[in-house]
Amino acid sequence: MVQGTTSDAGKSTLVAGLARVLARRGMRIAPFKPQNMALNSAVTADGGEIGRAQALQALAAGVEPHTDFNPVLLKPSSDIGAQVIIHGKVHAQLSARDYHEYKPVAMQAVMASWQRLVRDFEGVLVEGAGSPAEINLRDRDIANMGFAEVADVPVILIADIDKGGVFAHLVGTMALLSESERARVLGFVINRFRGDIGLLQSGLDWLEARTGLPVFGVLPYLHGLFLDAEDAIDGSQSSGGQTRLRAISPVLPRVSNHTDLDPLRLHPEVDFSWVGPGQPVPPADLVVLPGSKSVINDLAWLRQQGWDAYLQRHLRYGGKVLGLCGGYQMLGHWVRDPHGMEGEPGQTQGLGWLDLDTTLERNKHLRQVAGSLTLTPARLNGYEIHLGVTTGEALTRPLVRLDDGRADGAISEDGLVAGTYVHGLMDHPEALAAVLSWAGMAEAVTEDIGARREADLDRLADAIESHLDLGRLLQASSSHPHSPRE
Ligand SMILES: NC(=O)CC[C@H](N)C(=O)O
């Protein structure tokens, strides 16, 4: 099990990389994250919902994403409440306090998945969440040591040296563990190192002497690695090309599936930026309203930040607006949440540029889809994750025709505003080219994001092979019953 000294230490990436390394050696490996808190989710083959990072790790392992890989997913819809997803399906909307009470039940779901995975796979790579040293969360923990102790798995600790304080993080985390928890830590991995490794050596020696545990390796900072393993928005852009199109998206407080925007962010000729709260909104050719876990509240935020006036001006000058899922719902006349699925029950007026209304229902639509765009007959594939059901005149001009016979989304009569429920739409190079051309960049050369992801997983696995003492790591873990063995 990989646990981190902080959030974003590189746990997901290390699990993805190890999964690829072991898969390349012919092993059937499953990724597993007992509990994930993320608004960036993926649809599994069995029609459920898991964290995107686990879907990426499944890809790295060469296995189909399954709900058992992430049996508990928490999707926060406010600062104190979250939608609790168990085995891929919505269980309930719970406050943090109620979730704490519910944890022993969630643990049963975790263990049921875990037992199926150890039965069906040669090895399971487990990822913790945040840090195991959050002592206030230790009681009833199911995400870190609480799971490791019950399932009796060995642990490696990863720390991010780029943030600084790496020795304090590792030694401090060890100090805050109980004796039995400490005893299951096999050693450390240091992540995102740049610089002269010779200068680090004395620190590593000190760490090993102080803790009596080995450093299995120091992973280099991998520049330009594109993996949607992380839950946080990646603000970095690809550079070096000539800008032919400017695109922006607001960082909605409850933005969901932000990786939908990665193909724009990574395109060398697109100048893409996320615009955060209080930041000036720069001029753009294309504005993409992303998905949202709390559409009514995020719409209010958008107005409060002045985006409605900005968008009106943008459209007057012929700019394009694309809404994805929650962003699509915002483009209609009304968004209704009669059951309070995303906050207080209520309704709010949308931006009104598409003649449609949306009602959030109790039942979540989860499916993988394929089809084509109506802008030009470009192929696409993607996935749907939404509660909303949308109706109205605008649907007679759909944006997408799905292979299952359904139409999805809409384009306004003047062709400036479009929206769809399909996430991941721009991952397909044809669909991306069509969107770029609609937004004003003709004959765009687009990259296959899927191929790029594969290449980056191999690059990550290569780095792990050369910088991690895998033999020692596997050897150290071999005394535990559930460890990958060669
Ligand atoms: N993924 C999304 O953007 C979901 C939109 C909205 N929250 C719904 O559930 O319908």
Side-chain angles (χ1 to χ4, degrees), residues 36-44 47-52 55 73-78 81-85 88-93 228 231 233 249-262 274 287-302 321-348 350-351 354 356-369 382-392 395 399-400 406 408-410 418-427:
N36 197 354
M37 184 182 274
L39 285 181
N40 199 9
S41 60
V43 177
T44 60
E49 190 178 2
I50 59 172
R52 278 213 85 64
L73 174 63
L74 306 176
K75 298 184 85 175
S77 47
S78 72
Q83 191 178 64
V84 179
I85 292 168
K89 296 281 186 250
V90 178
H91 166 73
Q93 182 77 24
D228 36 7
D231 299 325
I233 285 185
S249 279
V251 185
L252 301 172
R254 298 289 160 203
V255 59
S256 64
N257 299 81
H258 60 82
T259 39
D260 283 352
L261 282 304
D262 279 347
W274 285 103
V287 178
V288 184
L289 298 180
S292 162
K293 188 73 205 75
S294 193
V295 181
I296 291 181
N297 292 323
D298 279 355
L299 195 48
W301 177 89
L302 215 55
V321 178
L322 174 66
L324 301 173
C325 203
Y328 163 50
Q329 297 169 344
M330 292 177 189
L331 296 172
H333 295 303
W334 285 97
V335 180
R336 302 192 167 98
D337 184 5
H339 312 295
M341 300 303 287
E342 299 190 342
E344 290 298 309
Q347 58 178 14
T348 196
L351 298 165
L354 292 176
L356 48 84
D357 297 326
T358 296
T359 303
L360 302 184
E361 300 196 336
R362 291 185 200 275
N363 182 28
K364 196 182 263 201
H365 300 261
L366 288 165
R367 60 192 142 211
Q368 309 216 16
V369 295
Y383 57 99
E384 286 180 46
I385 302 181
H386 55 100
L387 301 166
V389 173
T390 297
T391 53
L395 304 188
L399 181 66
V400 174
R406 288 180 303 132
D408 183 84
T420 173
Y421 272 118
V422 178
H423 289 289
L425 156 98
M426 292 184 284
D427 279 13

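Order of appearance sets the numbers: ligands from 1, and atoms from 1 within every ligand. Counting from 1, the numbers follow the sequence of the chain as shown.
Closest protein heavy atom to atom 2 (C) of ligand 1: Cys325 SG, 2.9 Å. In terms of protein heavy-atom proximity, atom 7 (N) of ligand 1 is nearest to Glu342 OE2, 2.4 Å.
Ligand 1 has a nitrogen or oxygen under 3.5 angstrom from a nitrogen or oxygen of Leu387. Between Lys293 and ligand 1, not a single N/O pair is under 3.5 Å apart. For ligand 1, the polar-atom distance check finds an N/O of Ser292 within less than 3.5 Å of one of the ligand's N/O atoms. Checking only distances, Gly291 never comes within under 3.5 Å of ligand 1, N or O to N or O. Between His423 and ligand 1, an N or O atom pair is found at a separation short of 3.5 Å. Residue contacts with ligand 1: Tyr421 is placed with no nitrogen or oxygen under 3.5 Å of a nitrogen or oxygen of the ligand (distance criterion only).
Put simply, the side chain of Glu49 reaches to within 4.5 Å of the side chain of Lys364, judged on heavy atoms. You'll find the side chain of Gln329 reaches within 4.5 Å of the side chain of Tyr421, heavy atoms only. In this structure the side chain of Glu342 reaches within 4.5 angstrom of the side chain of Lys293, judged on heavy atoms. In this structure, Pro250 and Pro290 have side chains that are in contact, with non-hydrogen atoms separated by less than 4.5 Å.
The closest donor-acceptor contact from the side chain of Asp260 to the backbone of Gly291 lies at 3.5 Å or more, if one exists at all. The backbone N or O of Arg254 lies less than 3.5 Å from a partner atom in the side chain of Asp298, making a donor-acceptor pair. Under the 3.5 Å distance criterion, the side-chain polar atoms of His386 are matched with a main-chain donor or acceptor of Gly388. At least one donor-acceptor pair closer than 3.5 Å links the side chain of Asp357 to the backbone N or O of Trp334. A donor-acceptor pair under 3.5 Å is formed between the side chain of Arg52 and the backbone N or O of Ser41. Using a distance-only test at 3.5 Å, with no hydrogens or angles considered, a donor-acceptor pair links the side chain of Ser256 to the main chain of Ser292.
Atoms of ligand 1 lying under 4.0 Å from any heavy atom of Val295, numbered from 1 in the order shown and given with element: 6 (C), 7 (N). The distance from ligand 1 to the heavy atoms of Ser256 drops below 4.0 Å at these ligand atoms: 1 (N), 2 (C), 3 (O). Per-residue contacts place Leu360 under 4.0 angstrom from the following atoms of ligand 1 (heavy atoms of the residue considered): 8 (C), 10 (O). In the vicinity of Gly326, heavy-atom distances shorter than 4.0 Å reach the ligand 1 atoms 2 (C), 3 (O), 5 (C). Atoms of ligand 1 found under 4.0 Å from any heavy atom of Gly388, numbered from 1 in the order shown, are 8 (C), 10 (O). For ligand 1, the atoms lying closer than 4.0 Å to a non-hydrogen atom of Ile385 are 1 (N), 2 (C), 4 (C).
Neither the backbone nor the side chain of Met341 has a heavy atom within less than 4.0 Å of ligand 1. Heavy atoms of Lys364 found under 4.0 angstrom from ligand 1: none, in either backbone or side chain.
When each of Thr390, Leu322, Val422 is paired with Tyr328, the side-chain contact (heavy atoms from CB on, under 4.5 Å) condition holds for Thr390 and for no other.
Residue contact annotation: Gln329 has a non-hydrogen atom under 4.0 Å from ligand 1.
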